[in-house]
There are 2 protein chains.
Amino acid sequence: MSLNPKCQLNASRMTANVTEYLSDVKREVDTCIFDFLPTTDAHEDVHQLYQMMLDYPRRAAKGLRPALCLLICEAFGGESKRAVNTAAALELLQNWLLIHDDIEDGSELRRGEPCLHQKHGVPMAINVGDALHCKMWEMLLRNTEILGHELAFRILSEFIQLSNQVVEGQHIELSWVGSNRWNLDEEDYLTMCIQKTAWYTCITPCRVGAIIGGASDAEVDAFVQLGEDLGVAFQIQDDVLNLIGDVGRYGKEIAGDISEGKRTLVLIHLFNACTPTEAQRVIDIMARPRDEKTEADIESVLQLMRKYDSIAYAQRRSKALLQEAAGQFTHNFAHLPDGMAKRLFLSLIDFFVEREY
Amino acid sequence: MSLNPKCQLNASRMTANVTEYLSDVKREVDTCIFDFLPTTDAHEDVHQLYQMMLDYPRRAAKGLRPALCLLICEAFGGESKRAVNTAAALELLQNWLLIHDDIEDGSELRRGEPCLHQKHGVPMAINVGDALHCKMWEMLLRNTEILGHELAFRILSEFIQLSNQVVEGQHIELSWVGSNRWNLDEEDYLTMCIQKTAWYTCITPCRVGAIIGGASDAEVDAFVQLGEDLGVAFQIQDDVLNLIGDVGRYGKEIAGDISEGKRTLVLIHLFNACTPTEAQRVIDIMARPRDEKTEADIESVLQLMRKYDSIAYAQRRSKALLQEAAGQFTHNFAHLPDGMAKRLFLSLIDFFVEREY
């Protein structure tokens, strides 16, 4: 496998337009993924599997994680094209996680289309997720040709660490559902959210970008705190969009988190702010299976969230965390040359919270 | 991580008693696995996840795959203790595959206990499978310390190849269920069975053992054909035991394959041997959801299988494949010194077909 000589991702050659940069990254990473994933097979059933494996990767996605990885690589003076394969593995990770996550949460829509298990049933969807999971490790193994054994091994170790975090975060959330637990505080939410979301959305993308860019161990480690703040800010904004977003842009059912009974910062704020009677009413609705919830039920929870300003509170928390992350980046990496990569990174993390989809 | 200095697996120091050898291997591999998997965590939910991850690995298992790996390593003059970590990864593979497989097939019992998803629900069981899947790659990454970068990466590549095979084989079988397809011939069954079972049960265990033992590429590749024959023989015997085994020893429901509507060589033989009316009756029963099948339904399928000698036919096919595999081993590896490892390997593959559990 060779590096794409036409790779145009060098941030220093670009304008500081974050949406343009994101679409360039997405194009480059997609090329890498679709060159890599198998597409045809003589065996009809295997061919069908390959088509299912391509389903989620083909759906519209923002490519935030690859962009973080490539920008940080460049900010440290690395060539971003050496990190494209790793950035593509981050997308594969996201895809297999989402397939399994959608089953586990009983979700219906993903990126504007029915979830994979809604289209093909749970058994096949589990297996397609496993197939993409294996492909992620295969893609990471190709790094030996791009980065050499030692660096490839370090990147693999980063993905191991991340995987351990993400399954733990996922289990914590599933435990709350399983035990019908609602007495959660912000600390509980943050722990879950850091493990379930921040590691794979921010911490690892930045860390692997930094490693490929040639950062020192201390510099790589600085991305844990920064990525926690940024990842939580991202997730809170995601929770907010789930409640007030536009289904056409956001791609999931609006208020789907209420249908799925999801524990969010918005909900935790509401429980702290409302009366015990209101809290009990919310729990009664949230805890019911999704097909027993009426539109009026969902609307009544939304109304309480508005009444107690819980959505606005979450937005404020998200913005504060973003500012914290941006401050850390500016402070910790002041010694890196000021260039387009650093500027784009700051615009990109703004987008994490300002986005509407 | 260091090699266990007390490792007693050297086959040359042992009697050619295959059950004794298997239990020694199991003990050694279990030590490796239970030293490796996390057991406790301060976070209650994470602690619970760790306990669930230990569930399948703690259940009684034969440890056939590790034994194949270690014996082949020794047959090539390698030190089996260098292969223990890889052998343990084969067990982790088996465990995450079984957790997901049991969900996909709607199974009830595994190794004499309720399946993981029966105990904790599908969402958690999917995630526990993913957690063990990640741990498998983590374990394989430790091979860099034991075998060095280059050999560790070769072993990783073998596991990638195997993973691609196993998800394809799994998809083929799920497609048959999904499309209610029954017009299968032996060729269809063999293709599925080689991909779904033979790779992870025989081909890869032998190949990685050979690689660590220092075999040439040609020698390593000779295990594809041999492992296909052996793996199919193993699966056919498994299908037979499912029909006529003893639940206490076998650990799954007897005739569970009929309840689950599984396509086996026994069934394909029956379709070829019986009358069209009988075939239609069998399909009507097999295709029904498991909770709509009565004991009388299952018994009537079993009776037809006995009437047409389909079980005996499968047993003959299994034995013939085993003899083929043994012949290949003796012929292809005549140049290797005759020692306990080779003898035990031949006894072990006999056990693949002679076993009653």
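It should be emphasised that the depicted structure is a prediction, and the values quoted were computed from it without experimental measurement. A, B, ... follow the sequence lines: proteins, then strands. Residue 1 opens every chain.
Using a 4.5 Å cut-off between heavy atoms, Met192(B) does not touch chain A at all.
Val167(B) approaches Ala131(A) most closely through the heavy-atom pair CG2-CB, 3.7 Å. Looking at every heavy atom in both residues, Cys134(A) comes nearest to Ile160(B) through O-CD1, 4.0 Å.
Distance check, rounded to the nearest 0.5 Å: CD1 of Ile126(B) to CD1 of Ile103(A) gives 4.5 Å.
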For this session: Before giving the answer on side-chain contact (heavy atoms from CB on, under 4.5 Å), spell out for Leu156(A) and Phe153(B) the whole-Å C-alpha distance, their side-chain angles and the decisive distance to 0.1 Å.
Result: CA-CA 11 Å; Leu156(A) 279 166; Phe153(B) 273 86; 3.9 Å; yes
What donor-acceptor contacts under 3.5 Å connect chain A and chain B, backbone and side chains included?
from, atom 1, to, atom 2, distance (Å)
Asp45(A), O, His171(B), NE2, 3.4
Gln48(A), OE1, His171(B), NE2, 2.8
Gln48(A), OE1, Ser175(B), OG, 3.2
Tyr50(A), OH, Glu168(B), OE2, 2.5
His100(A), ND1, Asp130(B), OD1, 3.1
His100(A), ND1, Asp130(B), OD2, 2.7
Asn127(A), ND2, Val167(B), O, 2.9
Asp130(A), OD1, His100(B), ND1, 3.1
Asp130(A), OD2, His100(B), ND1, 2.7
His133(A), ND1, His133(B), ND1, 3.0
Glu138(A), OE1, Asn164(B), ND2, 3.0
Asn164(A), ND2, Glu138(B), OE1, 3.0
Val167(A), O, Asn127(B), ND2, 2.9
Glu168(A), OE2, Tyr50(B), OH, 2.5
His171(A), NE2, Asp45(B), O, 3.4
His171(A), NE2, Gln48(B), OE1, 2.8
Ser175(A), OG, Gln48(B), OE1, 3.2

